[in-house]
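Structure, as structure tokens:
In listed order, ligands and their atoms are each counted from 1.
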Amino acid sequence: MEWFSVRMRAAAGGSHEQGGSHISGGERLVPVDAVESMVQSLVRRAMTHELGRPDFVNVTVEVVPAEAVRSLPALPISKREAESVEQGHAVAVEILGELGISREVAELAVCSIAEGPAPNGGAMRGAIVMDADTGQRLESDSARGVRVAKIDWHPEELQAWYEDVRSIGIASERIAEALALATKVTHTPGTVAELCWSDDPGYVSGYVASAELGYVRIPILKEWGSPLGGRVFFVRGISSVEDYEEALQAPVLLRREENKR
Ligand code: PML
């Protein structure tokens, strides 16, 4: 059986290559009969995004042989409390501290996302790659960052996961996608942790993910209406960002967490 990688990126004020601002993106891995509807759904996501209408949308569809696809169990999910942006940031710094990342580096990561990590002060297309010990940003293009591709849930597993988590109110496509990406990133050699919150002005939650602590949700990490969000991948001991990004492109399908199957 073949799978198809479907990728979308949208920008306003010109294409990403021409310096346009990133509006929306999506990375999915679907069976052949779902390609057409996935293209439609990602184009709809781009054209109806709260940040405004893009004037550039790029969609790529690419075949992926089944034998290249690796299966991974989803990270376990937990939640910590926060009632304000300041508390949310403090909780993120505390969790990163539990993972061996110093307060200084963790605060630098939080500030980098909060202040708009791209050179134009907006959100990036991909993620910041940060040295977990020095806080140095390693990505070579700070507008693009590092992208993760070819990632999704196995279709039947996704439906079962929605049933598992419906009662705790997190059965959303946004969280399913974030959990899939975080699982892949934290299983990629060299990753210590990921910090993320949304750049969608209508969504303020985020998470810290790691192989050690799982996917830890934080209810508020930015003010309502803010378009500033993004991801930081904290790394240690990678040979180069190029090799690290290549590993983030390896096709992965998610299944439910081991103890939920
Ligand atoms: C995004 O919108 O791209 C990031 C999603 C973060 C999801 C956080 C959560 O609610 O678990």
| task | May I have the step-by-step check of side-chain hydrogen bond (donor to acceptor under 3.5 Å, both in side chains) for Ser71 and Arg255, ending in yes or no? | result | CA-CA 7 Å; Ser71 155; Arg255 53 180 199 275; 2.5 Å; yes
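Residues forming a ring-ring contact (aromatic ring centres under 6.0 Å, His included) with Tyr207 (at least two apart in sequence, or on another chain): Tyr215. Annotation: salt bridge (charged side-chain N to carboxylate O under 4.0 Å, His left out) contacts of Glu27 (sequence neighbours excluded): Arg7, Arg147.
Within the structure, side-chain hydrogen bond (donor to acceptor under 3.5 Å, both in side chains) contacts touching residues 104-113 (residues at least two apart or in different chains) are Arg103-Glu107.
The shortest side-chain heavy-atom distance between Phe233 and Thr188 does not fall under the 4.5 Å cut-off.
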Sub-3.5 Å pairs, protein N or O with ligand 1 N or O:
residue	atom	partner	partner atom	Å
ligand 1	2 (O)	Arg174	NH1	2.7
ligand 1	2 (O)	Ser198	OG	2.8
ligand 1	10 (O)	Tyr203	OH	2.5
ligand 1	10 (O)	Arg217	NE	3.4
ligand 1	10 (O)	Arg217	NH2	2.7
ligand 1	11 (O)	Tyr215	OH	2.7
ligand 1	11 (O)	Arg217	NE	2.8

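Side chain to side chain, Arg144 and His16 fail the donor-acceptor criterion of an N or O pair below 3.5 Å.
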